[in-house]
Amino acid sequence: MIENNELEVAKEKKSLNFIEQIVDNDLKAGKNGGRLQTRFPPEPNGYLHIGHAKAVCMDFGIAQKFGGICNLRFDDTNPQKEDTEYVDAIKEDIHWLGFEWGNIYHASDYFQQLWDFAVRLIKEGKAYIDEQTSEQIAQQKGTPTQPGVASPFRNRPIEENLALFEKMNSGELPEGAMVLRAKIDMANPNMHFRDPVIYRIINKEHHRTGTKWKAYPMYDFAHGQSDYFEGVTHSICTLEFVPHRPLYDFFVDELKEGTDLQDNRPRQYEFNRLNLTYTVMSKRKLLALVQEKLVEGWDDPRMPTICGLRRRGYSPEAVRKFIDMIGYTKFDALNDYAMLEAAAREDLNARSLRVSAVLNPVKLIVTNYPEGQTEEMEAVNNPENAEDGMHRITFSRELWIEREDFMEEAPKKFFRMVPGKEVRLKNAYIVKCTGCKKGPDGTVEEIYCEYDPTSKSGLEGANRKVKGTLHWVSAAHCLKAEVRLYDRLFSVENPSADDRDFRELLNPDSLKTLYPCYVEKYVAEQESNRYLQFQRIGYFTYDKQSTSQHLVFNRTVGLKDSWAKQ
Ligand code: ATP
Ligand code: MG
């Protein structure tokens with residue numbers, strides 16, 4: 001019995017990622033009074049992308065899994081690039097991914113507390129105003145093996161520091177005139193301890209606090225303290241913050257000095273960032289693509305943003321599945337975009353409605369089918385889920401089929417429409433191709449075939465052996481549509497590691513627009529957020545620009561990985 005239990009525990013342990021194991025151990029040890037509190041801390045200076053989704057799934061997911069809470073904290077300490085547009089978009093995207101926050105906080109809620117803390121440090125002789133330029137300060141930083149040089153202002157009297165700190169916040173000074181630095185250790189092997197800048201002047205209106213503040217705290221002086229004020233227990237972030245962790249702890253220690261909350265303190269843990277091939281994650285670059293109109297907007301379906309993926313037709317489950325597939329480690333890696341697509345295929349295969357659409361149409365005439373006659377054929381909505389039922393698709397004498405499905409002279413293995421050969425029209429009849437009509441330039445204008453009335457799908461004995469099955473729509477019973485085929489945004493695998501400007505690396509063929517295409521009428525009866533499979537082609541969804549007058553569909557992903565071959 002005991003052995004079995006141990007096995008169970010071992011199995012459970014193994015299925016936890018390394019941060020979940022830390023949380024599990026902390027909870028079992030009763031740390032932080034048995035509390036688990038995380039936060040997701042986006043800076044509202046852009047839209048969330050698939051990399052953020054990895055952090056969202058960690059921060060919210062771990063709280064969910066262990067009965068803790070995750071708060072949403074806007075890390076709004078830099079009014080230069082922040083905006084409420086981003087705040088709203090971030091909330092929408094987190095909800096869409098399937099998560100709910102406990103509370104919403106803002107780092108700007110703590111501006112007064114942070115200011116008071118800074119004043120306390122000044123009074124204790126632990127911070128000073130430096131009037132040097134940022135270049136001068138950078139030059140004095142030294143190198144990891146060489147100690148830095150002390151600023152000439154390092155020993156400024158406390159009263160003077162206090163007065164200048166007030167002045168920094170008065171609006172009288174231009175940006176860059178002076179900064180507040182923590183007085184720590186200019187020789188510390190950790191460069192972040194060499195008197196880090198903790199306050200700077202920004203003369204720009206803040207989207208929440210307006211013009212109240214001119215002196216703004218730096219990330220390292222805001223993040224750990226915000227975690228502490230809120231009661232965060234596990235402050236989870238990405239690996240580039242590993243070298244910041246000692247400073248994080250240093251400020252939290254300073255802040256809680258004299259309090260009796262000895263154990264109750266936030267601790268920082270780091271996991272690897274998500275990097276994806278054929279795209280970029282930098283908000284600066286994504287913003288440039290939007291501002292320079294190189295894409296249609298933040299939600300352009302080629303963008304790696306959550307709203308872009310949503311518009312492209314990804315389901316939240318597909319995104320979460322992908323995050324699960326790649327997992328959390330302590331090593332940075334570049335993940336293959338094809339994995340994201342594979343996750344989408346797997347998920348959409350299970351949930352999408354199968355319909356017929358012809359993207360590159362050519363007319364097929366069933367010459368022995370009576371003119372004016374129609375038949376309603378039964379079509380399975382989703383072979384993966386019998387409960388989804390059936391719908392009807394109208395068959396008639398004149399159909400659209402894909403141009404690529406016909407060849408006059410075909411190689412042996414081309415089991416499609418070939419003169420003299422038989423092929424099945426999906427959910428309908430077996431037809432034998434009898435020829436085609438060509439225009440003066442040789443393009444095929446019409447294809448002819450004859451149907452076998454005894455071969456109707458579903459009829460007993462109707463299923464004699466024919467190798468190919470083609471999709472089709474009835475010319476008089478379908479809808480015209482525009483179809484947008486998307487491909488990778490960049491044509492190189494790792495644009496971030498390329499010396500050329502990222503704009504030069506954009507894939508010129510990342511969007512192909514097809515019109516007119518034809519879709520069966522049943523599509524128009526669906527909700528606009530329905531996940532569709534255009535049979536034999538790929539997964540599609542309505543674009544937000546689609547109207548009943550002009551249908552527009554986006555290809556989410558093809559049925560197969562077309563890049564794998566290349
Ligand atoms: P910035 O360059 O503006 O700092 P950022 O990508 O770090 O951009 P934040 O808004 O600060 O954006 O990120 C919020 C959270 O998302 C942070 O905890 C950050 O570590 C995490 N995050 C951002 N990018 C990724 C990524 N590619 N993979 C995993 N987590 C990420
Ligand atoms: Mg950041």
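In this text, all values refer to a predicted model and were calculated from it rather than measured experimentally. When a ligand or atom number is given, it counts from 1 through the structure's own listing order.
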Does the N or O separation between E43 and ligand 1 drop below 3.5 Å for any pair? yes
Residues 55-72, side-chain donor-acceptor partners within the protein, below 3.5 Å, at least two apart:
unit_1 : atom_1 : unit_2 : atom_2 : d
K65    : NZ     : E20    : OE1    : 3.4
K65    : NZ     : E20    : OE2    : 3.4
N71    : OD1    : N103   : N      : 2.7

One residue to check: S282. Relative to ligand 1, which of side chain, backbone, both or neither has a non-hydrogen atom less than 4.0 Å away? neither
Taking the six-membered ring for Trp, are F74 and Y105 closer than 6.0 Å centroid to centroid? no
Atoms in ligand 1 flagged as close to A55, the criterion being non-hydrogen separation under 4.0 Å: 16 (O), 21 (C), 30 (N)
Looking at ligand 1, would E240 count as a contact under a 4.0 Å heavy-atom criterion? no
Side-chain heavy-atom pair R484, R302 within 4.5 angstrom cut-off: no
N45: heavy atom below 4.0 Å from ligand 1, yes or no? yes
Quick one: do R39 and E230 make a salt bridge, cutoff under 4.0 Å? no
Checking S352 side chain against Y531 main chain: does a donor-acceptor pair fall under 3.5 Å? no
Please confirm whether G51 comes within less than 3.5 Å of ligand 1 when only nitrogen or oxygen atoms on both sides are compared. yes
Ion pair present between R156 and D130, side-chain N to carboxylate O less than 4.0 angstrom? no
I'd like to know if R265 and D249 make a salt bridge, using a cut-off of under 4.0 Å between side-chain N and carboxylate O. yes
Honestly, for R284 the part within reach of ligand 1 (heavy atoms, under 4.0 Å) is neither
Between ligand 1 and L274, is the shortest N or O to N or O distance under 3.5 Å? yes
Contacts of R245 meeting salt bridge (Lys or Arg N to Asp or Glu O under 4.0 Å) (sequence neighbours excluded), chain-then-number -> E270
I'd like to know whether the aromatic ring centres of Y216 and Y199 sit less than 6.0 Å apart in this structure. no
Answer with side chain, backbone, both or neither: which part of R273 has a heavy atom less than 4.0 angstrom from an atom of ligand 1? both
So which of H52, E82, E270 gets nearest to atom 13 (O) of ligand 1, if we judge by its closest heavy atom? H52
Does any N or O of ligand 1 fall below 3.5 Å from an N or O anywhere on T238, backbone included? yes
Ligand 1 to K283, heavy atom cutoff 4.0 Å, flagged ligand atoms 3 (O), 5 (P), 6 (O), 8 (O), 9 (P), 10 (O), 12 (O)
Show me which atoms of ligand 1 lie under 4.0 Å from any heavy atom of F40. 15 (C), 16 (O)
